[in-house]
Each structure stands twice: as structure tokens, then as C-alpha cells.
2 protein chains.
Amino acid sequence: MLGTPKRDRVAERRAATRREILDAAWEIARESGLTQITLRDVADRVGMQAPSLYSHFPSKMAIYDAMFGEAWGEYEATFAQLDGKVAALEADDPRAAMLLVSRHFYDFAVADHPRYQLMNERIVPGFEPSPESYAPSVRVMEDGRSRIMALGDISEADFTIWVSILGGLVNQYFANDQGGTRIHALLARAVDMWADAVGLPSKSAPSSPHRRKR
Amino acid sequence: MLGTPKRDRVAERRAATRREILDAAWEIARESGLTQITLRDVADRVGMQAPSLYSHFPSKMAIYDAMFGEAWGEYEATFAQLDGKVAALEADDPRAAMLLVSRHFYDFAVADHPRYQLMNERIVPGFEPSPESYAPSVRVMEDGRSRIMALGDISEADFTIWVSILGGLVNQYFANDQGGTRIHALLARAVDMWADAVGLPSKSAPSSPHRRKR
DNA sequence: GTCTATAGTTTGATAGAC
DNA sequence: GTCTATCAAACTATAGAC
């Protein structure tokens, strides 16, 4: 009997083509907006005719769906790189841990507007993520919530407020500060406001270092 | 000589038709999404053929533009109704004033998703508000900023953080709480976090009533 | 001011040859 | 798996009659 070859060259080629298609779609989204992706444009960029895309994705929405899953997967992956540092700080300096996670969220969001829109806003008419693509986003939120709540005895309500504050800052960045650092400069203060309120101790200044000076 | 008639019936009819067109557009936006408005659909609802709309608006974007100006005008108008109460509280209980303004912003935003998207997000490809339609939004922001900064000696940075917090809560409402009250219930606490940090006194409890209980 | 007719695009998707 | 050919639909906008 013939042994199974170690590498499946056909599958590899298929995966590579799929990758090219998604990259082209992201490129269009970044250049012209998330909702401006068209199959013809995608096909052009990968050197195909539009109908050929149907050999790789069953519909346009399936492309959006793959992008959605990918975006949350990227968030998960980039956070994993930071996880060691965060874990090390969790017990010793929870406030510094929060700031690290907050900055990561902000930087990741701000780096790619259409990605953020796809992940967190409902902009594409008719698009609803499939359960499979939705899974990473659920994992991320569950993990974030349980770990943040464990930092002190922080309520779920306060976790939601933290998420709101970060999302709000990202909004302001895209609305009034694109390419700038004005909003980024407010991040630490905003997180400290929250940390003070939920009673998160800080190593450098245990009480409320950011109360207004008188 | 003939006197000018007191009422211009032609102009009145024109204004009424314009009103009908805008109402139809809002209706479609609420039913199907802001970007789903089509001239045919608008025309159908007002009992016209699509090309007839061009007697009232020079382009589809002009309809969006009118809607944009209208939305900020509505905000201005609804806030004006509240202004007496806010002004009365400003000196005596600035924290209560902030909460009133915050609730108004939140309630107004949450009442109409496409309106909020048109006002604060850039969802419609190619749409840029005209200077005339943009004017009310500038007025609202300028007035809000100067009055809030005058409540205590609050910095512009902290004003921006307040705007971010509110926008973030609205986001969370639309993402995870549509039709619910979960996020609304967090509003007072979030505003208090901010008020504590900027040193806004409260009549009922001058210091930090919302610090975590131990 | 509203109509009909239509130009001129653009779009997502399918059929079938190779 | 990619192609050509094409469908069927939708869209904004203009021209010109009434």
C-alpha cells in the first residue's frame, strides 16, 4: 500500500488562495470602507474572475464571516503574547495589569478601523456571524470578564463599565482624532477613574492618585 | 397694488412634501438600516415615482444631509426643554446637573439607532455633512463643553472623557442590550466615577459615595 | 411638480465549457 | 479550480412630455 504523503500540496494551495482572498478583502476595507468590498474588486486583486471566488467561499457574506472570526482570532493571539506580563502583575499590581490590558485593547482597536467595525459594530447590512466565527469573541469576553472580576471583588456591572469606557475612547479616536494621540493620552486617566471607583489598589499610590488637585 | 398674501400656500405645500420625504427616509432607516435607504423606496412611501424626488432634493446625499442637520437640531431642541432644570442645578448641585444631562444624552441616543449612527458614526459611504448641516452639531458641542467645564474647574481632557463614557455606554446598549435597561442602570454609577475623579461635589454626599464598600 | 422612459452602472450569483 | 458568458436585479440620475 502507498503511504499517505506527509504534506497535502493541494490543501496547502487551497489554503494559500483563501488567505490571498481574505487579504485582498481586508485591503479594500481599509482603503474604501468595510461595506465597499465587492467580489469583482476582490477577484481583480488576486488575479481572478469574480465567479472563481465561489470555489473558495459560498457567498460574499461567508467572506465577511471569515473576516469576523479572523479579527477576533487576531485579538486573542495578540493578547496571548501579552498574557505573561499581565498574569505577573495581576496579584502584585492589579491596576498596572488593567492599564496594560486597556492599552492593548485600545491599540488593537485603533490600528484598523474596518476591523474594529466588523468586530464590534453592526455596519454590514444582513451580516450575522456564524456560531463558529462567533466563538473566539465569546472566549475573549468570558476570559476577560472572569479575570478582571478576580482582580478585586469587581462586579459584572463594573466590568461592563470598563468595556464601555474603552469602547468610548476608541469611538472618540475614530470620530475626532484619527492618526493622533490626543485620545490615547486620556486612556490612563480614564482607567484610573474606573480603578479608583472599584477600589483597585495601585502599587505606586494605593488610594486615589488622580483625584483633582486642589 | 395687490397686497402680498399672508400665507404662501405653494411654499407650505413644498415644505410639507419635503417633510414627508424625510419622514419616509427615517422610517426606512429605522426598519432596515441607515444605509438601506433607496430613492425608489422613499418615493413609494410618499406615493411618488423615484425621479420626482429630484424636484425636492438634488441628490440622495442631500437627503442624508438634511437628516443629519435635523437630528442634531432635534438634540438641540430636546435639550432646550431641559435647560431650565439644568441651569437651576448648575451652581447648587453640579453633580445632579451632570446626571441630568447624561441621562438626556443617553435617552436621546438610545431612542433611535440610525439617528445616532448618522449623528456620530461614519457609516454612509461618501457622506460628508455640509457646513450648514454641521452647524447645529458644533453649537451643541461648544455649549456642552463650556458649560460642563464651568461646573468645576474641569479640563477639556476630562470633558472628552465624559463624552467617551457616554458614547461607550450607548455602544454597549446597541451591541448587547437593545430594548433593555441593563446599560441604563449603569449610567449613574459611571457618571459618579467621573464626577468623583474631577472633584465635582454632590449635594447628598460631598465626597465619594460610590467608592467600593469594604 | 410629477410623470414615463431610459441611460448607464454596478452588483451577487449561476451555468457550463475546459 | 478557473474561465466566459450571462442573468436578474437594483441603483442613482437625466431628458423631456404633460
Side-chain angles (χ1 to χ4, degrees), chain A residues 7-29 31-68 114 118 123-130, chain B residues 7-25 27-29 31-68 114 118 123-128 130:
Chain A
R7 285 173 51 195
D8 184 342
R9 305 187 71 91
V10 178
E12 279 175 20
R13 185 82 214 106
R14 253 191 93 76
T17 303
R18 204 183 141 91
R19 181 68 271 135
E20 281 184 69
I21 291 169
L22 292 175
D23 286 342
W26 283 116
E27 197 175 88
I28 296 163
E31 284 175 20
S32 316
L34 187 64
T35 62
Q36 298 296 80
I37 296 171
T38 70
L39 297 183
R40 276 169 174 75
D41 198 353
V42 172
D44 277 358
R45 296 192 189 219
V46 301
M48 273 181 187
Q49 294 299 317
S52 303
L53 295 173
Y54 285 87
S55 298
H56 301 273
F57 292 93
S59 75
K60 188 192 181 184
M61 284 303 168
I63 297 182
Y64 277 121
D65 195 51
M67 293 168 79
F68 180 90
L118 184 59
I123 284 202
V124 183
F127 170 64
E128 201 98 29
S130 64
Chain B
R7 283 172 53 194
D8 183 342
R9 305 187 72 90
V10 179
E12 279 174 21
R13 186 80 215 106
R14 252 191 93 75
T17 303
R18 203 184 141 91
R19 183 68 270 136
E20 280 184 69
I21 291 169
L22 291 175
D23 286 342
E27 195 176 270
I28 296 162
E31 284 175 18
S32 317
L34 187 63
T35 63
Q36 299 295 82
I37 297 171
T38 70
L39 297 182
R40 275 172 173 74
D41 198 353
V42 172
D44 276 0
R45 296 190 189 220
V46 300
M48 274 183 188
Q49 294 299 316
S52 304
L53 296 173
Y54 285 87
S55 298
H56 301 272
F57 292 93
S59 73
K60 189 191 180 184
M61 284 305 167
I63 297 182
Y64 278 121
D65 197 50
M67 293 168 80
F68 179 91
L118 184 59
I123 283 202
V124 183
F127 170 65
E128 202 98 28
S130 65

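All of these numbers come straight from a predicted model, not from anything done at the bench. Per chain, numbering begins at 1; letters A, B, ... match sequence-line order.
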* Check salt bridge (charged side-chain N to carboxylate O under 4.0 Å, His left out) between A:Arg14 and all other residues, then give those that pass, not counting sequence neighbours. => none
* Side chain A:Tyr64, main chain A:Leu34, donor-acceptor under 3.5 Å -> yes
* Would A:Phe57 and A:Leu22 count as a side chain to side chain contact (heavy atoms under 4.5 Å, CB included) if you check the C-alpha gap in whole Å, the side-chain angles of each, and the deciding distance to 0.1 Å? -> CA-CA 10 Å; A:Phe57 292 93; A:Leu22 292 175; 3.8 Å; yes
* Just jot down the salt bridge (charged side-chain N to carboxylate O under 4.0 Å, His left out) partners of A:Asp8, sequence neighbours excluded, or say none. => none
* Search all heavy atoms of A:Asp65 against all heavy atoms of A:Pro129 and return the closest pair with its distance. => OD1-CA, 3.3 Å
* Asked: Looking at CD1 of B:Ile37 and CD of B:Glu27, how far apart are the two atoms once the value is rounded to the nearest 0.5 Å?
  -> 11.0 Å
* Set of side-chain contact (heavy atoms from CB on, under 4.5 Å) partners for B:Asp23, sequence neighbours left out -> B:Arg19
* Structure fact -> Taken to the nearest 0.5 Å, the spacing of B:Gln36 CD from B:Ile28 CD1 works out to 10.0 Å
* Asked: Base, sugar-phosphate, or nothing: which does B:Gly47 touch, judged by heavy atoms less than 4.0 Å apart?
  -> sugar-phosphate
Under 3.5 Å, N/O pairs linking protein and nucleotides 10-14 of chain D:
from	atom 1	to	atom 2	distance (Å)
D:dT12	OP1	B:Lys60	NZ	2.9
D:dT12	OP2	B:Leu39	N	3.0
D:dA13	OP2	B:Tyr54	OH	2.7
D:dA13	OP2	B:Lys60	N	3.0
D:dA13	O5'	B:Tyr54	OH	3.0

* Note the angle between the end axes of the helix from C:dG1-D:dC18 to C:dC18-D:dG1, five pairs defining each, rounded to 10 degrees. => 0°
* Asked: Backbone N or O of B:Met48 within a donor-acceptor pair of the B:Ser52 side chain at under 3.5 Å?
  -> no
* **Salt-bridge present (B:Asp44, B:Arg40; N to O < 4.0 Å)** => no
* Mind checking which nucleotides bracket the chain A contacts on DNA chain C, 5' to 3', with an atom under 4.0 Å from a heavy atom? -> C:dT11 to C:dT14
